[in-house]
Amino acid sequence: MPRDSLIASDNDADITLEFEGGEEGGHKERRHREKRRDGSKDRRKRGNGRRRQGSRSVERENEEERVGEREKERKRRVKKDQEAKKRDKEEGDRAQTRSEKTAKAKKNIKNEKRRRSEKGEAGERTEKGKKKVQSAKKEKSVNHGTKDKTHEEKKKKRKKVLETSSEQETSEEDSEDKEDSEDEEVKPESLSPEELEKLKEAVDDKKKLIQSLRGKPWPMKKKLVTLRESQEFLEKYEGALGKGKGRKLYAYKKWMKFQRDFENFKTACIPWEMKIKEIESHFGSSVASYFIFLRWMYGINMILFGLTFGLVMVPEALMGRPYGSIPRKTVPRAEEASAMDFAVLWDFGGYAQYSVLFYGFYSNQRAIGWLKFRMPLSYFLVGVGTVAYSYMVVIRTMARNANESGVGDDNSFNFSWKMFTSWDYLIGNPETADNKFASITTSFKEAILEEQESRKDDNIHLTRFLRVLANFLVLCCLAGSGYLIYFVVRRSQKFALDGLENHTWWERNEVNMVMSLLGMFCPMLFDVISTLENYHPRVALQWQLGRIFALFLGNLYTFIIALMDEINVKRDEEKIVKFNITMWEASLYNGTVSENFTVPPITIHPADVPRGPCWETMVGQEFVRLIISDTMTTYITLLIGDFLRAVLVRFLNHCWCWDLEAGFPSYSEFDVSGNVLGLIFNQGMIWMGAFYAPCLPALNVLRLHVSMYLQCWAVMCCNVPQERVFKASGSNNFYMAMLLVILFLSTLPAIYTIVTIPPSFDCGPFSGKNRMFDVIHETLESDFPAWFSKVFSYASNPGLVLPFILLMV
Amino acid sequence: MGATASQLDKGMLSEYQELTFLTKQEILLAHKRFSELVPKEEIDRINCRIPMSLILTLPELKSNPFNERICKVFSTSDIKDGSLSFDDFLDLLSAFSDSATLEIKSHYAFRIFDFDDDGTLGRHDLEKLVNCLTGGTDDTNLTPDEMRQLIDNILEESDIDKDGTVNLSEFQHVISRSPDFVSSFKIVL
């Protein structure tokens, strides 16, 4: 009973302070006090109970409720019912916090006691405190391994409750006089270093506990309770331990809050999130993965666009010489008449050619404008920078993906995975759900059949023969398509020599059309051939992707080889033009030299100056045309293949002999892998051509933007969810790997041309130099201090570089 | 502990952010969707519970074959009727969110699949699981033969200690090797 009176007296002290102003009669006060004494004791117990037990000790809660109810009845006898209740609540909270404080103060008190070494129980109490922290940790590991985890939790909870209630009682016993001083008593100097260490450990443990809370499979109540406890503990002790009482904790808290807000902001900034969620719920995660990939590509292209636009196109446009001032920036006299024609502009000739969009426009002045912006250097570095940035991003994404997904061991848990992971929880549409049910059923049945059949003896030889045959057919296809492209490119060169105006539109755009058509029809052919092979669908998909990859690659490289031929042709032309120019200049001067020997400066309009064929601009133009035609083909096939087909099926169905929706055409499915490959190859072309046509990233950003909206609309409007839903999600890294390979292969030709072919003499930022990378050498010599270039020339000695590289490898 | 009728207070919001894998917007959206489901009479009660039938009207859960199990697993109500309070709802969304860890997801998946709540997946649980997955109607069910074979295969693959049931650690072992699990075990409002 002495305990009760102590508790009561505490509360009384509180209450009288609180109710000094505004309470009624004296005897009522006393009655209030009495009731509150009981009420607060109960409430404190209840508060303790709530705080400590968390989730599952139902009995204890019931007990408290019963007590509480009895107490409520008592209150009803008092006149001011509601007021009393309110005050009770407030006071209950206060009592709770007070009790919490006292409970937290137990650690203080423990320390004090250790210091004074009054009681032997002190050591015991620190142990209990540590146990509490450790039991929290243990619980996490225990949860993983036991069958009766709920049982264990209950046991631990009860143990905790017993511990703490006993602690509390004993502490209250002793702490009466110390409670006033609890706030200022703990000073770091007052503890021995050992205790300080232990305290620091406890603080770190609490911090780790807070951070790991969200990963614990506890119900929210328990998490909230633990969080609040730990936060209070930290507040008390971090301030005490650290230099500057609350400042460190305050800064830490603010930092965490800032980080959280920043993360929230970042997720809010992600574009098209709602669209993709809608598609996910209708079509499942594999179709949505394409759109996520598209969005990621868009991000990369935005950065590339920023680089090329900001550092190359804008400076030249603002600070370089304007259009018409020097020969390379002006449309030649011969072409002037047709320079504004739409047909010419569509082909990127005319005014489009002689603009910042292409390589040829840039002048080779070393520094332009009042900023002394080093244009050629910037051009070169941006070219290198785009490639480097792309490498970095792709490799980093691959590394991140590799961490997340497990090793895709296809067959080890086949059935179990089908059972446990085949349902896609993102599906929110009943039709899709029905589809999914059907596909899961079929996949179960197939898997069971397969399992039964594999137990029989297979005819291995037949299968092997069929597979070899299929691969042979595929190789034939690839060779055929490669030859076709080569043939077509040769023909177009012949046409070019004849003069382009004499030929039809088809003949002029033959190359691009043939490449796009091949890209459309060959994959279907591969699909048919692969039925010979009889592989597991996932393996068959990978073969299919590999073959389409080889097809595109072959096409691209044939295209490049054809381009190289054209470049050589242009360079020969250049030599002739150079010779002609000297003759022409001589003829100009010849006319005047007879007058006197001082030669007056002759002003010639830039449009009249004979021009060399600028092979770099030609290359840029070819790439731009290829991308445009590719885009157009994609959009048109989308509209015709998907949209028109859906319209026909929908509206002709009721007047047709067989059921169009279930039978032959039906609605198309979204071809994830085909689209992903198309995206990857487009990106490859951008990387290839970006050096010669700085407008390419800008074009690509536009194209991706339009694609996103068009394809989102088309998917929702014309496609049905796939019947065979097998997730290509494990192929996430597969696509990244392909992207990396394409990046490497597409930057090779550009690098080759930069390193081996001398730039044109009269166009572009490198004109007049021997090789394009000479600009670096020049910059080092003229812009950096003298010692720097000496050091660099020593360092770039092959004898030094090679051993260094070998060492690194 | 719980949400007041119309506003989620800031202190609770930051605590929820600390304790779940959800971002602030997601928590606020969850609160909004939850409040829409609360029947008018109870709108003033703190910590009110929504019965399972109302939760199952959410489009994200409606078509899910495991919706009832999900409600029962996350419910902390005393009478085990699957009713969810706002705290439970947040727990649900956190476990199914994009940033939740594999451990949490596999832990809850195990509990969802454990139809009889005995802590292991026995034959009976697995049979019920298969029936849920195949749509539950008679014509899509597997024949008893197929069912038996399927379950035999599963137990052969996952039951490491050969006691005839799959316990939590065996389940987590199987799941951790799966490439699809984390991306498919997701619910987003």
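Labels below follow one simple rule: chain letters A, B, ... track the order of the sequence lines, proteins then strands, and each chain is numbered from 1.
A salt bridge links Arg33(B) with Glu60(B): at least one charged nitrogen is closer than 4.0 Å to a carboxylate oxygen. Contact check on Asp114(B) versus Arg111(B) returns no salt bridge, with no Lys/Arg side-chain nitrogen under 4.0 Å from an Asp/Glu carboxylate oxygen. Salt bridge absent: Arg49(B) and Asp87(B) never bring a charged side-chain N and a carboxylate O closer than 4.0 Å.
With a 4.5 Å cut-off on non-hydrogen atoms, Phe96(B) touches chain A through its side chain but not through its backbone. Only the side chain of Lys277(A) comes within contact range of chain B, judged by heavy atoms closer than 4.5 Å. With a 4.5 Å cut-off on non-hydrogen atoms, Gln17(B) touches chain A through its backbone and its side chain both. Proximity to chain A (any heavy atom under 4.5 Å) is shown, for Ile151(B), by neither the backbone nor the side chain. Residue contact with chain A, scored on non-hydrogen atoms closer than 4.5 Å, involves the side chain of Leu121(B) exclusively. For a residue to count as touching a neighbouring chain, one of its non-hydrogen atoms must lie under 4.5 Å from one of that chain's; by this rule Asn429(A) touches chain B with the backbone only. Leu426(A) touches chain B through backbone and side chain together, each having a heavy atom under 4.5 Å away. Using a 4.5 Å cut-off between heavy atoms, Lys418(A) contacts chain B through its backbone alone, with no side-chain atom that close. In this structure, the portion of Phe113(B) lying under 4.5 Å from any heavy atom of chain A is its side chain and not its backbone.
For Asp261(A) (side chain) and Phe258(A) (main-chain N/O), no donor-acceptor pair under 3.5 Å exists by modelled atom type.
Side-chain atoms of Ser14(B) and Lys24(B), non-hydrogen and from C-beta on, never get closer than 4.5 Å to each other.
Centroid-to-centroid, the aromatic rings of Tyr108(B) and Phe74(B) come within less than 6.0 Å.
Between chain A and the options Ile175(B), Leu90(B), Val130(B), Thr101(B), heavy-atom pairs under 4.5 Å are most frequent for Val130(B). Of the listed residues (Met256(A), Arg260(A), Lys257(A), Gln211(A)), the one with the most heavy-atom contacts under 4.5 Å to chain B is Arg260(A).
Neither side chain, Asp91(B) nor Ser94(B), offers a donor N or O lying under 3.5 Å from an acceptor on the other.
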